[in-house]
Protein chains: 2
Amino acid sequence: MGDVNSTRTGTGTGTGMGMGSGAASAPGGGGPTGANLGAVRSHNAALVLGLLRDAGADGISRLELAERTGLTPQAVSKITARLREEGFAAQAGLRASTGGKPRTVLRLVPEAGHAVGVHLDRDELRVVLVDLDGAVVGERRAGLDLGAGAESVLGTVAGAVEGLVGDGLGLDDDGLAGVGTLLGVGVALPGPLDHTSGVLHRMTGFPEWDGFALRDVLGARLGVPVVVDKDTNAAALGLSAGGEGGSFAYLHLGTGLGAGLVIGGRVHRGPRTGAGEFGHQVIQLDGPPCECGDRGCVEALCLAAVGRGEPAEAARVLGVAAANLVGLLDIDVVLLGGRTITGEPDVFVRGVGEVLDARARREGALGAEVPVRVAAGGERAVAEGAAQLLLRPLFGRGDA
Amino acid sequence: MGDVNSTRTGTGTGTGMGMGSGAASAPGGGGPTGANLGAVRSHNAALVLGLLRDAGADGISRLELAERTGLTPQAVSKITARLREEGFAAQAGLRASTGGKPRTVLRLVPEAGHAVGVHLDRDELRVVLVDLDGAVVGERRAGLDLGAGAESVLGTVAGAVEGLVGDGLGLDDDGLAGVGTLLGVGVALPGPLDHTSGVLHRMTGFPEWDGFALRDVLGARLGVPVVVDKDTNAAALGLSAGGEGGSFAYLHLGTGLGAGLVIGGRVHRGPRTGAGEFGHQVIQLDGPPCECGDRGCVEALCLAAVGRGEPAEAARVLGVAAANLVGLLDIDVVLLGGRTITGEPDVFVRGVGEVLDARARREGALGAEVPVRVAAGGERAVAEGAAQLLLRPLFGRGDA
DNA sequence: GCACTTTGGCAACAGCGTTGCGAAAGTGGA
DNA sequence: TCCACTTTCGCAACGCTGTTGCCAAAGTGC
């Protein structure tokens, strides 16, 4: 259990090839890979599972699944039969008849799988346990000093994770590896890292973490799969899973200014997880120096305005940078988050919105209005998004 | 002939579903679709065909294809047998033996398919005929006045296309529709449009084209599939097909300033083909007014510097905007093109490069150097890229 | 000349979604 | 109350996919 895509053949097939995913683990290293029957099976199963999740407590009927996937009803019946057998789906009542046999409604069984999300911030640790639906079923918080050294930090993290999972799901002799429904642990933290290898790079102020193979070290210690990503990416992923569709940018204004980009439902990280460096976008040529060494960066301008007690000006500056991004990527929504935003949400939403509206008016009919909202989820958003790093692959949106 | 993915079943299957493509034509409208065996077949066939193309004249052996795709050698044998039967692939000699039977080398048969690329510029028309390899086998040019009305412009385009195809491949009684190996016509033109529907929007200076359904009208007139895209996107697509891998930005500096973005080998257009609006990125808060109505846009600053006879300053300004883009998207290369660039290529390559290098130095080890080059292809690049709009789907990179 | 290695095709196979058909479970009119 | 009709959905047979087992072909090297 615990693996939706488990093949029963046992021989050869089911090599877990991504279909057109591009960045999946490829035999030849790099390029897109071939599709075999095992891949078809898991692709379709994941698709159905994703639709079941999106349907939520209301559930969805087999025929609706067939319409949405383009598969025949019979294929959906087979797939859902397997999912029910494996415990991931269950019947949930009947629809009203429309003149014939009423449709049976299927729903996801959230307890069939769990994931842990870890938000590793500079001074705080937050760990959540979520079910397949993404609902938080347990949480732990602890103070943390990222500068206290790897052993100390990893100990705190491992302790919190094991404690949380033990309370929520129960630990057997094998530790976390023995918890059947636990898919793994997602870790989100600030600053430069490589999400494909899970290796950290020189975090500002914490040089001792440079080159630390967080994914592998923590994975070995816990005995379950570990995935690592930037905090802004995790937040964006959480928003995406939380119903925010299409393409959007999550702008985080706290002690710094960063962005998480979701393009076509997938988090865009770039080949080196470097994408989303929004804060050091230059919007004032030869402007005031920024601590990064450049001049006229949004982050410097924006935070300076905040420091001067001029949030409206900060919002305007942020809006200009957001408008640049909207034009460059043609995204649908801008979501704002972070402590500075939550301090005065209305000022920032209005200020950024005004700049974007002015841009849309200049564009005319084509330039659709790009709404600005405060990101949902609050303080727990990053940890929940980190858990989605494990859940997402189950639901058909492989690498995002 | 002419359709690699033709199914022989004739019933039901082969609905042309994309696998995980996300933006493919979906039954339920929108979401990703289910995969059936026909989809597997065309996916793998396209993959193999793409590798054959990439191998060029050197060719590639079955076992190498198997390694690169992750498929078994036997599957590759079956697939290549079909491709050979259909005329898309052929044997091309033997490798040196490594102690056993020497590998037989396969190569693409470029003449098995052709596509037309049309570059519709404000004052000029350029039409190219290319083979499966992307090699230009015919070209026509003509003066053009976009303001002369749809009938006149379409007549000129249709005439040039039919003449070119007639010369190159021969026309029978059915016109273009009867030319077996012709896949279709790709049209690239400046300014706002919707590439999914092929409808134009208010082009600056040519209001009469607003809302014109270019794809459908020209498609009906020519009797072959027509695809429409922005000129910068086509140029980027051409560069991508021309060997430029990974993620890059093509910056075009001519009468205006625009960009084509390739992310992970796919052209990023955004949901409304609005992505790549690079020129009206604001890099000087409250700077000099731009004709778009905003202030401090790169385009205005850059072109003003060019007008003042200060190309180095123009290059620096362009570099700052390029650095913003590099940081936001974490791309690998910046390619420059357009008449203003080709006038003084060295100045711009150096000027932009200096800004990007300075950025990389600030980033430290992680911030990989982002090289700057003049885009290959020259004046014909956009037309060739337009033809790739038809060729690309054959080779496994579906919607890009 | 013979043993060995490597390539790649033929045939049998397992597993995928699809099709044909029928049972189950409702509605609604006679 | 009965019966015709509609709609859902599972069973069985089917066609197609890539996979596996096996063997002929075509080289190398002792």
Side-chain angles (χ1 to χ4, degrees), chain A residues 5-15 17 19 27 33-48 60-67 69-82 84-85 91 93-106, chain B residues 5-17 19 27 33-48 60-67 69-82 84-85 89 91 93-106:
Chain A
N5 305 331
S6 65
T7 58
R8 264 181 289 260
T9 68
T11 56
T13 161
T15 47
M17 297 176 193
M19 281 177 159
T33 68
N36 56 19
L37 294 164
V40 171
R41 175 178 170 148
S42 45
H43 174 85
N44 289 344
L47 220 55
V48 169
I60 185 171
S61 73
R62 288 179 181 79
L63 281 161
E64 284 176 275
L65 288 170
E67 277 174 36
T69 57
L71 298 171
T72 60
Q74 195 51 236
V76 172
S77 272
K78 279 193 181 179
I79 293 165
T80 54
R82 280 197 299 265
R84 276 175 19 191
E85 209 171 292
Q91 300 211 182
L94 300 174
R95 280 276 155 75
S97 167
T98 60
K101 179 174 176 179
R103 303 183 173 185
T104 50
V105 178
L106 302 172
Chain B
N5 304 332
S6 65
T7 58
R8 263 181 288 260
T9 66
T11 56
T13 162
T15 46
M17 297 177 195
M19 280 175 160
T33 69
N36 57 20
L37 293 164
V40 170
R41 176 180 171 146
S42 44
H43 174 86
N44 289 345
L47 219 56
V48 169
I60 185 170
S61 72
R62 288 179 181 77
L63 280 158
E64 284 175 275
L65 288 170
E67 278 173 35
T69 57
L71 297 171
T72 59
Q74 194 52 235
V76 171
S77 273
K78 279 192 181 179
I79 292 165
T80 55
R82 280 199 299 263
R84 277 176 16 192
E85 208 170 295
Q91 299 210 181
L94 300 173
R95 280 278 154 74
S97 167
T98 60
K101 178 176 178 178
R103 303 183 174 186
T104 49
V105 178
L106 302 173

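In what follows, chains are A, B, ... by sequence order, proteins preceding strands, each numbered from 1.
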Quick one: is D/dT17 close enough that its OP1 or OP2 comes under 4.0 Å of any side-chain N or O from B/Asn44?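 For B/Asn44, the contact criterion (side-chain N or O under 4.0 Å from OP1 or OP2 of D/dT17) is not met.
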Roughly, in whole Å, what's the span from [atom1] in [X] to [atom2] in [N]?
X        : N      : atom1 : atom2 : result
B/Arg95  : D/dT28 : CZ    : P     : 16 Å
B/Leu94  : D/dA25 : CG    : P     : 16 Å
B/Leu106 : C/dG8  : CG    : P     : 8 Å
A/Ile79  : C/dG15 : CD1   : C1'   : 13 Å
A/Leu71  : D/dC16 : CG    : P     : 19 Å
A/Arg41  : D/dG18 : CZ    : C1'   : 15 Å
A/Leu65  : C/dG17 : CG    : C1'   : 16 Å
B/Arg82  : C/dG8  : CZ    : C1'   : 16 Å

Looking only at heavy atoms, what is the nearest atom pair of A/Leu94 and A/Pro102, with distance?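 Looking at all heavy atoms of both residues, the shortest contact is CD1-CG, 4.2 Å.
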Polar atom pairs (N or O), protein with nucleotides 8-11 of chain D, under 3.5 Å:
residue, atom, partner, partner atom, Å
D/dT8, OP1, A/Arg103, NE, 2.5
D/dT8, OP1, A/Arg103, NH2, 2.9
D/dT8, O4', A/Lys101, O, 3.3
D/dC9, OP1, A/Thr104, N, 2.6
D/dC9, OP1, A/Thr104, OG1, 2.3
D/dG10, OP1, A/Arg62, NH2, 3.2
D/dG10, OP2, A/Ser77, OG, 2.5
D/dG10, N7, A/Gln74, NE2, 2.8
D/dG10, O6, A/Gln74, NE2, 3.4
D/dC11, N4, A/Gln74, OE1, 3.2
D/dC11, N4, A/Gln74, NE2, 2.8

Only counting residues at least two apart or in another chain, list the ones meeting side-chain contact (heavy atoms from CB on, under 4.5 Å) with A/Ser61.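 A/Leu63, A/Glu64, A/Arg95, A/Arg103.
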Under the rule for side-chain contact (heavy atoms from CB on, under 4.5 Å), what residues qualify as partners of B/Gln91, not counting sequence neighbours?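 B/Gln91: side-chain contact (heavy atoms from CB on, under 4.5 Å) contacts with B/Arg62, B/Arg84, B/Thr104, B/Leu106.
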Side-chain heavy atoms of [X] within contact of [Y], under 4.5 Å:
X       : Y       : result
A/Ile79 : A/Arg82 : yes
B/Thr69 : B/Val76 : yes
A/Leu71 : A/Asn44 : yes

